[in-house]
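Take a look at the structure set out below.
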Amino acid sequence: MADRGRTSLKERVSGLGDHVRNSQVWTSIFRPGSALRADSGDSPRNRAYVVMNNVLYHLHPVKVKRRGIKVSYTLCLGGLSFFLFILLTVTGIFLMFYYRPTSPQAYFDMQALATDVAFGQLVRNMHRWGAHVMVLTVFLHMTRVFYHGAYKPPREFNWVVGIILLLLTLLLSFTGYLLPWDQLALWAVTVGSNMGGYVPVFGRQVSFALVGGVQITADTLLRFYVLHVLFLPFIIVIFMAVHFWRVRKDGGISGPL
Amino acid sequence: MADLPEHLLKRAAEARAKAEGVPVEQVLAEMKGEAPAAAAPAAAAPAAAASQGAGRDLDADSAKFGVPRPLLERAMLARARRDGTPVPQLVGAGAPAAAAAPAASAAPAAAPKAASAGPPPGVRTQRLLTVVKANAIQGTTREPQDKVNVWPHLLAIEFVALISMLAFLTLLSALVDAPLLEFANFNQQPNPSKAPWYFLGLQEMLAYFDPMLAGVLIPGFGLAALAFIPYVDRNPSVRPSDRKLAISLYTVFFVGASILTIFGSFFRGPGFNFTFPWRDGIFFDDLLTILE
C-alpha cells in the first residue's frame, strides 16, 4: 500500500530494457523477425520474417515442402558441403597469417604451426580433415541427387553446375595438398600432375602452366598457393551462387520419390 | 466476359454514363443485360447502315444478321446521334424505354461534326474490353503442397547438422594430427609415392592400363558422361522401379570407384605392388599419425 506510486528496481530494469529495445538504433539494426526485438514472438508472420529479413537465412524460401527437408531424404549433404566450405575458408584465413609460400619457409611455417602458434596444429588439422570430408560430402551429395533422380527437368543444368563444383572441390584439395612442402606433398602432387601431361594435344602446355615448369619447383608452390587461396575459391563461389540460385528457381528441394 | 468483377463493371458503367449523359443505373442495367459490352461497334455498323429509315424491326434484323439485338439498338442510337437524325421508330415487341432517353440527351451532339470532335473535357472514354486473368511469367505450377516454415523446421535441422559436423571435426582434429613428413626432397622419391586419396582410383587404374587411357581418357570421358547424365537420361520418372538401368549403371560406377580407391589406398605397397594391409602394413600417408 505504501509502495503505491513508486517503481521497484525490477520494473526500472525491465523498463530500461524495453526502452532500449524500442529505440530507433536497436530497431534499425535488428529487423522484424529477430529474436532480439521487442515484438519477437512465435507467429506465422514472425516465422516468415526470420527468413526474409536475414541476409544468411534468405538463401532459403519462407516455406519448404515438408517431405523435402526430411533428414532421411537429403542427409544434409549439400548443406554440410557448404558449411565445410565456410569452415575451410575460416580456418584457411587463420593459416594464411602464418604461412609463406616459398621454399623452405613453407615447411618451417608448418613446423611453427605445430609448435609456436596457439591452436595452430588444431586449426591445421581441422583444415586438412575438413577438406577430406568435403570431398566426401560433395561426392555423396552427387550420389544422393542421382538416386533421387533430382537432376531431371527442370534441374538438368544445376546437375552440370554440381559436376563443375565437384571438379573445383577436387582441384582445391589438390592444390592445397602441395602447400605443406614436405615429402608427402611433393610426391603426391608429382604423381597427380604427371597424369596431366598425358592429356592429348595441349596436356603438356597445361601441365607446364600449372606447375610453372617441366617439373615441380619452388615456383610451383607459389602458383598452387595463389590458385588455392584466391583463384579457385573465387571461381567456386561464383558457381556455388549459381547452384543455390538454381535450386530456388528450379522449384526448391526436389520432391520425394 | 461473364464473370467481370463487380467494381470494374461499375467503373465502366460510370464512365460511360458520364460520357453519354445517362443515369448510371441505366447503363449498368444495359451492361448486365444480355449484351456483352465488349462487342465491337464496328461489327454492328453494317447492320446499323441497313437499319436506316423509319420503322425498323430489330428482332428481325437480329435474326437476319446474327447480331444480338441490344447491339443493333446501340448502333442505331449511336448512328442517329452522330448524324443528328431522329431515332427511327422501332417496330415489334420490346422497344426499350432506354432507347428514348439517349435520344433526348443527344441534343448536344446535334451538329454533325460535334461528336467526332471528341468527348467533353474531363470525360474518360476508355472502356473495359476484357479482363485477362494474370498468370505468372515463369511457368510454376501451383499445386497444393504440404509446406512448413523454414524457421524453425529446416533451420533447426541445419543447425544440428552443422554443430554435429563441427563437433566431429574438432574432436577428430584434437585426436589425430595432420601428417607432416620430412622436408621436400627432389632427389629422394618415397616408395611407394601415392597421389591424394581421391585420385588413388585413377592411380590404381594406371597399374592396369596405358597412362593415356587410365589417366586421361577414362577420367575425362567419365566426367563428361557424368555431366551429360540429365540430357542422356530421358526417362521422366523418379521412381526407382522405373529407373533400373540408370540406377544399376550409377551403382556400378560408385562401387567401382570405391573399390579402386580403397584398393589403391590400402592394398598397394612399395613399388605400387599388391599387398595385404594386415600382412605388410598400410601405405597410406594421410593416416600416418594414427598408424604409427
Side-chain angles (χ1 to χ4, degrees), chain A residues 47-48 50-51 57 60-67 69 71 76 79-80 83-84 87 104 107 110 114 121-122 124-126 128-130 133 135 143 146-149 151-152 156 159-160 163 167 170 173-174 177 180-188 190-192 195 198-200 203 251 257, chain B residues 140 145-155 157-158 161-162 165-166 169-170 172-174 176-186 188-190 193-199 202-203 206 211-212 215-216 220 223 226-227 229-231 233 236-240 243 247 250 254 285-286:
Chain A
R47 285 182 176 197
V50 167
V51 175
Y57 298 159
H60 292 304
V62 169
K63 288 192 163 196
V64 284
K65 283 171 244 169
R66 185 189 294 275
R67 297 185 63 191
I69 59 165
V71 176
C76 293
L80 282 178
F83 171 64
L84 284 166
L87 191 73
Y107 184 75
M110 301 306 290
Q121 182 70 44
L122 181 76
R124 189 192 152 212
N125 293 346
M126 286 177 81
R128 190 176 186 102
W129 302 136
V133 175
V135 172
T143 304
F146 181 88
Y147 281 126
H148 282 152
Y151 57 83
K152 306 212 166 184
E156 308 101 306
W159 168 271
V160 179
I163 298 292
L167 192 65
L170 290 177
S173 185
F174 186 66
Y177 218 88
W181 205 236
D182 61 347
Q183 281 288 75
L184 174 57
L186 175 64
W187 292 101
T190 303
V191 171
M195 289 182 196
Y198 294 120
V199 176
L257 304 179
Chain B
T140 49
Q145 282 173 328
D146 187 13
K147 286 194 164 186
V148 290
N149 276 105
V150 162
W151 169 256
H153 297 276
L154 178 55
L155 289 183
I157 294 173
E158 284 179 350
L162 187 153
M165 175 58 80
L166 188 60
L169 270 182
T170 311
L172 182 68
S173 303
V176 184
D177 278 347
L180 187 67
L181 308 188
E182 311 85 63
F183 183 74
N185 185 349
F186 294 102
Q188 185 198 351
Q189 180 164 14
S193 46
K194 294 185 177 183
W197 65 267
Y198 36 82
F199 288 149
L202 292 180
Q203 200 180 350
L206 277 175
M212 181 68 164
V216 177
L223 213 58
L226 272 179
I229 282 176
Y231 305 102
D233 178 11
S237 172
V238 294
R239 292 176 51 199
R243 307 175 56 219
I247 288 181
Y250 191 90
F254 185 84
D285 293 330
D286 260 287

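In the text below, chain A, chain B and the rest are named by the order of the sequence lines, each starting its count at 1.
- For A/Arg128, the part lying near chain B is the side chain, with the backbone staying farther off; criterion is any non-hydrogen pair under 4.5 Å.
- Between B/Arg243 and A/Tyr147 the shortest heavy-atom distance is NH1-O, 3.2 Å.
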Task: B/Gln188 vs A/Gln183, side-chain contact (heavy atoms from CB on, under 4.5 Å): CA-CA, chis, key distance, verdict - done: CA-CA 9 Å; B/Gln188 185 198 351; A/Gln183 281 288 75; 4.1 Å; yes
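- Scored by the side-chain contact (heavy atoms from CB on, under 4.5 Å) test, A/Ser173 finds A/Val135, B/Tyr198 as partners (sequence neighbours excluded).
- Ranked by heavy-atom pairs shorter than 4.5 Å toward chain A, the options B/Leu206, B/Val176, B/Thr170, B/Leu172 are led by B/Val176.
- The contact between A/Ile69 and chain B is made by backbone and side chain atoms together, counting heavy-atom distances below 4.5 Å.
- Of the listed residues (A/Gly79, A/Pro104, A/Ala185), the one with the most heavy-atom contacts under 4.5 Å to chain B is A/Pro104.
- Only the side chain of A/Leu80 comes within contact range of chain B, with heavy atoms under 4.5 Å apart.
- Looking at A/Phe174, both its backbone and its side chain come within 4.5 Å of chain B, counting heavy atoms on both sides.
- The residue among B/Ala161, B/Gly220, B/Pro190 with the most heavy atom pairs within less than 4.5 Å of chain A is B/Pro190.
- Residue contact with chain B, scored on non-hydrogen atoms closer than 4.5 Å, involves the backbone and the side chain of A/Phe146 alike.
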- [ ] List the steps and the verdict of side-chain contact (heavy atoms from CB on, under 4.5 Å) for B/Val238 and A/Lys152.
- [x] CA-CA 8 Å; B/Val238 294; A/Lys152 306 212 166 184; 4.2 Å; yes
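- With sequence neighbours excluded, the residues forming a side-chain contact (heavy atoms from CB on, under 4.5 Å) with B/Ser237 are B/Asn235, B/Arg239, B/Asp242, listed by chain and number.
- Residue B/Lys194 holds its NZ atom at 7.5 Å from CD of B/Gln203, rounded to the nearest 0.5 Å.
- In this structure, the portion of A/Val51 lying under 4.5 Å from any heavy atom of chain B is its side chain and not its backbone.
- Under the 6.0 Å cut-off for aromatic ring centres, A/Tyr107 and A/Trp181 do not qualify, their centroids lying 6.0 Å or more apart.
- Contact count versus chain A (heavy atoms, under 4.5 Å) is highest, among B/Leu223, B/Asn185, B/Leu155, B/Leu166, for B/Asn185.
- The number of heavy atoms from other shown groups lying within 6.0 Å of OH (B/Tyr250) is above 12.
- Listed options B/Leu226, B/Val216, B/Ile247, B/Leu180 were ranked by heavy-atom pairs under 4.5 angstrom with chain A; first place goes to B/Leu180.
- The structure places NZ of A/Lys63 at 9.5 Å from CZ of A/Arg47, a figure rounded to the nearest 0.5 Å.
- When each of B/Met212, B/Met165, B/Glu182 is checked for heavy-atom pairs under 4.5 Å with chain A, B/Glu182 comes out on top.
- The part of A/Trp159 that comes within reach of chain B is its side chain, from C-beta onward, which places non-hydrogen atoms under 4.5 angstrom from that chain.
- For B/Phe183, the parts lying near chain A are the backbone and the side chain together; criterion is any non-hydrogen pair under 4.5 Å.
- Comparing B/Asp177, B/Leu154, B/Leu169, B/Ile157 by how many heavy-atom pairs each has under 4.5 Å with chain A, the most go to B/Asp177.
- For A/Val64, the parts sitting under 4.5 Å from any heavy atom of chain B are the backbone and the side chain alike.
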TODO: Take A/Met126 and A/Gln121, measure what side-chain contact (heavy atoms from CB on, under 4.5 Å) needs, and give me the verdict at the end.
DONE: CA-CA 9 Å; A/Met126 286 177 81; A/Gln121 182 70 44; over 6 Å; no
